[in-house]
Asker: 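Let me give you the structure first, and then I'll get to my questions.
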Amino acid sequence: MKVVLLGPPGAGKGTQAIRIANKLCLPKVSSGDLFRNHQEKDTDLGRLAHSYMARGSLVPDGITIKMVMEWINTQDNSKGFLLDGFPRTLLQAEALDKELNIDGGLNVVLYIKVEEKELIQRLGGRLICKKCQTPFHIHTDPPNQSGICDKCGGALYQRDDDKPSAVKKRLQVYANQTEPLIAHYRKSRKLEEVNGQRLVSIVENEIISILTQSK
Ligand code: AMP
């Protein structure tokens with residue numbers, strides 16, 4: 001089972017990726033988390049990625065493709081995997097298709113759809129755990145104790161790129177560079193649309209049901 005989660009920033013890809021990977025025992029990776037891990041460790045790649053991420057731009061394709069392919073190649077491919085936030089450009093999608101074509105390609109691309117007004121509201125109030133990356137929201141999903149992750153006790157923070165100017169840019173970048181992937185995957189009949197504007201558990205159940213049927 002090789003699955004891609006596609007959708008605008010704030011659609012809930014990260015939240016669903018954690019839940020689905022746990023439920024289906026699938027290895028998962030978020031390209032954004034890989035970059036943030038590099039930043040935490042202050043590597044050359046982390047410093048380079050930061051200059052793009054902080055202003056809401058995409059990290060160049062060559063760097064991103066290499067990083068994600070390295071992750072894929074360290075996995076036990078017999079289990080499959082879940083990709084959150086990759087691919088985000090046609091070039092990335094083509095690189096992924098090329099890499100996976102030998103053993104059947106992707107099974108499903110889940111496109112989580114949410115309206116722009118809702119995305120802005122979600123991103124503006126989002127808090128993330130520094131340790132386990134679990135997302136919270138100051139109004140709709142606050143932690144039990146302010147600033148502390150319910151799951152692991154890690155510190156919660158607001159991502160630089162969740163601040164208003166970067167959010168605007170990320171939504172533009174999504175519309176220009178990532179939205180064309182919807183047509184790309186629709187053409188190959190891999191695309192499954194999910195309405196992301198419902199309760200997290202309802203979205204999760206629908207995704208699980210799609211993935212179970214497409215096995
Ligand atoms: P995310 O955590 O998925 O919202 O990603 C945060 C930021 O990381 C994005 O705004 C980009 O700057 C960078 N990033 C994550 N995934 C990719 C990707 N597939 N291609 C290019 N940049 C990416």
Side-chain angles (χ1 to χ4, degrees), residues 2-18 20-21 28-41 43-72 81-100 106 109-112 114 116 118-137 156-182 184-185 196:
K2 298 187 184 81
V3 183
V4 160
L5 282 176
L6 186 67
K13 300 185 298 296
T15 302
Q16 293 299 338
I18 294 172
I20 298 158
K28 73 122 188 144
V29 76
S30 146
S31 41
D33 286 348
L34 289 180
F35 285 130
R36 281 183 287 275
N37 290 342
H38 274 279
Q39 282 172 33
E40 285 270 292
K41 293 186 196 140
T43 65
D44 290 344
L45 173 57
R47 280 192 293 274
L48 179 68
H50 180 75
S51 61
Y52 295 94
M53 290 168 76
R55 57 175 196 264
S57 303
L58 293 184
V59 179
D61 281 331
I63 299 167
T64 307
I65 291 169
K66 183 165 177 277
M67 178 183 74
V68 176
M69 293 309 158
E70 273 170 15
W71 182 87
I72 288 178
F81 51 74
L82 185 64
L83 299 179
D84 159 22
F86 182 94
R88 260 177 157 99
T89 65
L90 273 175
L91 211 83
Q92 292 177 15
E94 282 159 12
L96 183 64
D97 290 344
K98 202 166 148 205
E99 175 80 18
L100 302 182
L106 288 170
V109 176
L110 291 159
Y111 166 37
I112 308 184
V114 173
E116 184 164 312
E118 167 93 10
L119 296 171
I120 292 169
Q121 188 264 330
R122 285 187 186 182
L123 292 168
R126 183 161 76 168
L127 296 171
I128 309 276
C129 173
K130 256 208 154 92
K131 231 169 150 183
C132 72
Q133 321 297 335
T134 298
F136 294 85
H137 189 279
L156 302 182
Y157 75 108
Q158 184 185 38
R159 281 169 41 176
D160 280 347
D161 59 352
D162 279 346
K163 293 177 182 156
S165 62
V167 164
K168 204 168 154 224
K169 175 77 193 273
R170 284 163 70 204
L171 292 171
Q172 279 165 359
V173 166
Y174 172 78
N176 295 336
Q177 294 184 257
T178 309
E179 247 174 19
L181 297 189
I182 296 167
H184 172 83
Y185 286 121

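When a ligand or atom number is given, it counts from 1 through the structure's own listing order.
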Asker: Without swapping roles, check the side chain of Gln16 against the backbone of Gly12 for a donor-acceptor pair under 3.5 Å.
Answerer: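 Judged by distance alone, no pair lies under 3.5 Å.
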
Asker: Give the atom numbers and elements of ligand 1 that come within less than 4.0 Å of a heavy atom of Arg159.
Answerer: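 Selected atoms, number and element: 1 (P), 2 (O), 4 (O), 5 (O), 6 (C).
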
Asker: Determine whether any heavy atom of Lys13 lies closer than 4.0 Å to an atom of ligand 1.
Answerer: no

Asker: Under 4.0 Å from a heavy atom of Arg36: give me the atoms of ligand 1 that qualify, with their elements.
Answerer: 2 (O), 6 (C)

Asker: Please determine whether a side-chain nitrogen of the Lys or Arg among Arg170 and Asp162 lies less than 4.0 Å from a carboxylate oxygen of the Asp or Glu.
Answerer: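 Here Arg170 pairs with Asp162 in a salt bridge, since their nearest N and O are under 4.0 Å apart.
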
Asker: Using a cut-off of 6.0 Å, state whether more than 12 heavy atoms not belonging to Glu116 lie near its atom CD.
Answerer: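 No, not enclosed.
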
Asker: Compare all side-chain heavy atoms of Tyr157 with those of Ile128 and state whether any distance is below 4.5 angstrom.
Answerer: yes

Asker: If I apply the N/O under 3.5 Å rule, does Gly85 come out as touching ligand 1?
Answerer: yes

Asker: Can you pull out the closest protein heavy atom to atom 20 (N) of ligand 1? Residue, atom name and distance to 0.1 Å, please.
Answerer: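 Of the protein heavy atoms, Gln92 NE2, 2.9 Å lies nearest.
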
Asker: Kindly confirm or rule out an N or O of Ser57 lying under 3.5 angstrom from an N or O of ligand 1.
Answerer: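 Yes, Ser57 has an N/O under 3.5 Å of an N/O on ligand 1.
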
Asker: Compare all side-chain heavy atoms of Asp61 with those of Gln177 and state whether any distance is below 4.5 angstrom.
Answerer: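 Side chain of Asp61 against side chain of Gln177, heavy atoms only: no contact under 4.5 Å found.
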
Asker: Going by heavy atoms in the side chains, are Tyr52 and Pro60 under 4.5 Å from each other?
Answerer: yes

Asker: Quick one: does ligand 1 sit under 4.0 Å from the side chain of Asp61, the backbone, both or neither, non-hydrogen atoms only?
Answerer: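 Answer for Asp61: neither.
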
Asker: With a 4.5 Å heavy-atom cut-off, do Ile72 and Leu96 have their side chains touching?
Answerer: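 They are in side-chain contact.
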
Asker: Where the closest heavy atom to atom 1 (P) of ligand 1 is concerned, which of Met53, Arg170, Gln177, Arg88 has it?
Answerer: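 When every heavy atom of Met53, Arg170, Gln177, Arg88 is considered, Arg88 comes closest to atom 1 (P) of ligand 1.
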
Asker: Any idea which atoms of ligand 1 are less than 4.0 Å away from a heavy-atom of Ser31?
Answerer: 15 (C), 16 (N), 17 (C), 19 (N)

Asker: State plainly whether the residues Arg36 and Glu40 are in salt-bridge range, i.e. N to O under 4.0 Å.
Answerer: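 Salt bridge: no.
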
Asker: Just to be sure I read this right, does ligand 1 sit under 4.0 Å from the backbone of Thr64, its side chain, both, or neither, counting only heavy atoms?
Answerer: side chain

Asker: I'd like to know whether NZ of Lys98 has more than 12 heavy-atom contacts from other residues, nucleotides or ligands below 6.0 angstrom.
Answerer: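 Counting neighbours around NZ of Lys98, 12 or fewer heavy atoms of other residues, nucleotides or ligands fall under 6.0 Å, so no.
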
Asker: When you compare ligand 1 with Val59, is there at least one nitrogen or oxygen pair between them that comes in under 3.5 angstrom?
Answerer: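 So ligand 1 has an N or O lying under 3.5 Å from an N or O of Val59.
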
Asker: What protein heavy atom sits nearest atom 23 (C) of ligand 1, and how far away is it?
Answerer: Phe35 CE1, 3.7 Å

Asker: Could you list the atoms of ligand 1 found under 4.0 angstrom from a heavy atom of Gly32?
Answerer: 2 (O), 5 (O), 15 (C), 16 (N)

